[in-house]
Structures are given as structure tokens and as C-alpha cells.
Amino acid sequence: MTYGKPNQVAYVVGRDIGAADGVFLVKMPDGVPQALLGTAAIIWLAAIDGVDPIADLVAATGESAEVVGPVVAEFLDSLVKTGLLEVHDD
Amino acid sequence: MVDVELGLTVRVHLMHALLQFIADEAGIDLLHIKGPALESALRASRPTSTDADVLVRPRDAELFLAQLRRHGFDQRTTFESGSAFEHAASLWHDTLGWVDAHRRFPGIGLPASQAFDVLWRDRSTIQIAHVHCSVPPPAAQRLILMLHAARGDNAGDRQRAWTPEFQPAIENLAVRLDAEVALAAATGHLDEFRDHPEYRLWAHFASGDHRRLDEWRGRIQAARNPAEAARLLLRALLVNHDHLAMRLGRQPTTKDLALAYVGRARTAAREVRHALKGRQ
């Protein structure tokens with residue numbers, strides 16, 4: 001299973017446009033803008049790039065997959081439920 | 001996810017994307033102008049945009065406003081009340097801020113629908129907030145900044161846009177769009193158009209003197225026919241309800257309107273006295 005960015009989601013990476021650090025996104029046309037900061041931003045960006053966010057975070061933090069896996073999975077699930085991420089069946 | 005105050009730059013980027021999404025849903029053609037829609041050379045060291053500016057295909061302009069209202073935008077001015085040029089409507093979005101929806105651009109004399117076609121034909125596509133958005137071609141981006149600069153003090157825009165390598169293309173486009181007088185005002189060559197009906201209007205803006213009497217005189221003189229001149233003359237005397245509401249932060253009462261009307265009449269009288277004194 002991989003993830004992708006839904007077409008209805010617009011986003012900016014703050015640093016790319018000279019704004020605050022983080023990812024700022026909105027589900028169009030009627031969603032409320034959200035900010036993903038720190039690890040949350042890293043997970044979302046990895047997910048829409050088709051990278052396994054859990055493996056990515058394990059590599060970045062040195063934590064074990066057993067520790068970060070459930071937390072990340074829960075976060076990804078919440079992003080899918082709010083329409084900020086979509087699941088691609090491989 | 002964190003509920004935070006979004007910075008201005010972030011809001012303007014997301015707003016452009018949202019406007020494009022809503023236009024796409026309704027099959028409306030939209031060109032993104034200014035702010036993040038500009039080429040990087042034109043954006044450099046430019047102050048952050050405080051709103052998102054778009055130019056909508058004129059025949060769909062009212063439909064576009066209706067779509068925006070349907071998605072929670074609060075329309076604060078109509079095209080007619082938005083400015084003396086009646087070119088843009090202002091709308092407010094509670095989380096993303098201001099939009100200026102243009103149906104034409106002041107300084108372009110070609111009928112709005114034909115002018116849009118010219119700009120649309122040579123458009124290119126960029127991504128704003130990772131959404132595909134159409135933008136005018138490079139010479140048109142520069143011409144629009146120049147025409148905007150002709151109405152105010154935007155020396156920085158003038159400097160960035162009016163570069164030698166683009167000047168021939170900008171001038172050619174200005175001819176195609178019947179925008180030579182306003183461009184001349186921006187480049188300091190307005191005297192070449194001294195006999196043109198629009199001369200007085202652009203001379204007023206170029207002078208930096210913002211008395212309304214001169215602006216209205218210039219606009220009436222530049223009117224394309226007597227009916228338009230008569231309509232402008234009438235408008236010059238009326239209080240702009242939408243602007244008054246924006247200034248007060250609430251709907252104006254009858255008393256507010258009456259006071260504003262008296263204020264407008266006094267200003268006009270003062271300007272007339274000033275004009276007469278200038279002639280003595």
C-alpha cells in the first residue's frame with residue numbers, strides 16, 4: 001500500500017516560499033487550512049512522494065519500527081480520514 | 001495537525017490554488033496575476049502580496065463571483081463599486097484572506113473579452129501550491145505591472161518590469177491591447193499622447209495628486225461615448241456603499257450614508273475652489 005496527494009489538496013512547504021517552517025495544506029474547496037510541523041510534515045511529504053513513511057522515519061530517527069510504526073500508522077490513518085492523503089492500492 | 005495562524009505568504013499561495021480549483025469546477029478560464037503568479041525575476045524584492053489577484057474571462061465574471069460566494073467567500077464590493085474603473089470585485093475568505101477578481105485591467109482599451117483572448121492565447125502554466133494555474137505570458141506580466149504602476153507609486157515594479165530586453169515585446173503588446181497611453185504614463189512619455197482623450201486621466205495619476213475631482217474629470221473625458229460619460233458623472237456624486245461598509249466594518253445606516261454624502265459634496269466643493277484658485 002502506498003499513499004498519494006489527493007487532487008483536491010493544495011499545499012506549500014513554508015521554507016520554499018520564504019514562510020515559516022512546516023507544510024501548510026488545505027482540502028479544496030471548503031476545507032480549513034492545516035499546518036503540519038516537524039515530524040508530521042516529514043511523514044506527510046514522504047507519504048505523497050511514495051516513500052514508506054515508517055521506514056523513512058526509522059532511518060531518520062534511529063528508532064525501531066516497533067516503536068514508531070503504530071504512531072505513524074495512526075497519524076497516516078487520520079490524514080486519510082480527513083482527506084489530506086489518499087491510499088493507492090498497489 | 002496544528003491549528004495555527006497562517007502567514008500572509010502561505011495564505012496567498014493557497015488562495016490562488018483554491019481560486020483555480022473553483023474555476024476548474026465551473027469550467028471558467030482564469031489567469032493568475034501578480035504575487036506568486038509572477039516570474040521569479042519580477043517577484044524578487046517585491047513586497048509580499050496582501051491578496052490574490054486573478055483575471056477572469058469577462059463573460060464568466062459574474063458566474064465566478066457566484067461560485068466564490070457559494071464556497072463561503074464574502075463579497076465586499078461589486079465590480080461597479082470596487083473602484084472608479086469598475087474593473088475588480090473584492091471578496092473575503094475567513095481563513096485565506098482577500099481576493100481581487102478582475103474582469104479587466106485599467107489602462108487596456110481593447111474590449112475586455114478580446115483583451116482576455118490575447119492574454120489567454122499565449123498563457124503558460126505554473127504550479128502555485130502544487131495546483132496548475134494559468135498565467136499571462138512574460139511580456140503581459142510586465143505590462144500589467146506597468147499599467148498598475150501608472151496608477152500609483154510603484155517604482156520598484158517599474159524597474160523590474162521595464163527592462164531593455166522586454167521593452168519591445170511590452171510595447172508591441174500595449175499596441176495590441178490599446179494600452180499605449182497608460183504604458184506611456186508609466187514610462188514617463190505621456191506627453192506624446194497630449195491630444196489623446198485618456199491623457200488627462202493618466203496625467204492625473206502620474207502627477208501623484210489624488211484629488212478626486214481631477215480623476216473624475218479625466219475619466220469623463222476618456223469615456224468612449226456620451227452615455228458612458230453621463231453615467232460616470234452621476235457616479236461621481238454618489239457615495240460608494242460597499243466602500244463605506246468596508247471602512248465602517250458594518251453595513252452603513254441611513255445617517256452614515258447621509259454624512260458620507262455631505263462629506264463627498266464638501267470635498268468636491270473644496271476641490272473646485274482649489275481648481276479655481278489654480279486658474280487665477
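These numbers come from the heavy atoms of this one structure, side chains and all, not from hydrogens, waters or symmetry mates. Per chain, numbering begins at 1; letters A, B, ... match sequence-line order.
Residue B:Gln159 qualifies as open at atom CD: its count of foreign heavy atoms under 6.0 Å is 12 or below. Environment of CZ in B:Arg69: crowded, with over 12 heavy atoms of neighbouring residues, nucleotides or ligands closer than 6.0 Å. Within 6.0 Å of the CG atom in B:Asp117, the count of heavy atoms belonging to other residues, nucleotides or ligands exceeds 12.
Residues forming a side-chain hydrogen bond (donor to acceptor under 3.5 Å, both in side chains) with A:Asp30 (at least two apart in sequence, or on another chain): B:His71.
Annotation: side chain of B:Pro36 is not in contact with side chain of A:Ile17 (no heavy-atom distance under 4.5 Å). Residues A:Met28 and B:Leu14 form no side-chain contact, since every pair of their non-hydrogen atoms from C-beta on lies 4.5 Å or further apart.
The distance from atom CG of B:Leu6 to atom CD of A:Gln34, rounded to the nearest 0.5 Å, is 9.0 Å.
Heavy-atom distances place both the backbone and the side chain of B:Leu18 under 4.5 Å from chain A. Using a 4.5 Å cut-off between heavy atoms, A:Ala20 does not touch chain B at all. When heavy atoms are compared at a cutoff of 4.5 Å, B:Val131 approaches chain A solely by way of its side chain, counted from C-beta outward. Neither the backbone nor the side chain of B:Leu8 comes within less than 4.5 Å of any heavy atom of chain A.
Among all heavy-atom pairs drawn from B:His130 and A:Lys5, the shortest one is O-NZ, 4.2 Å.
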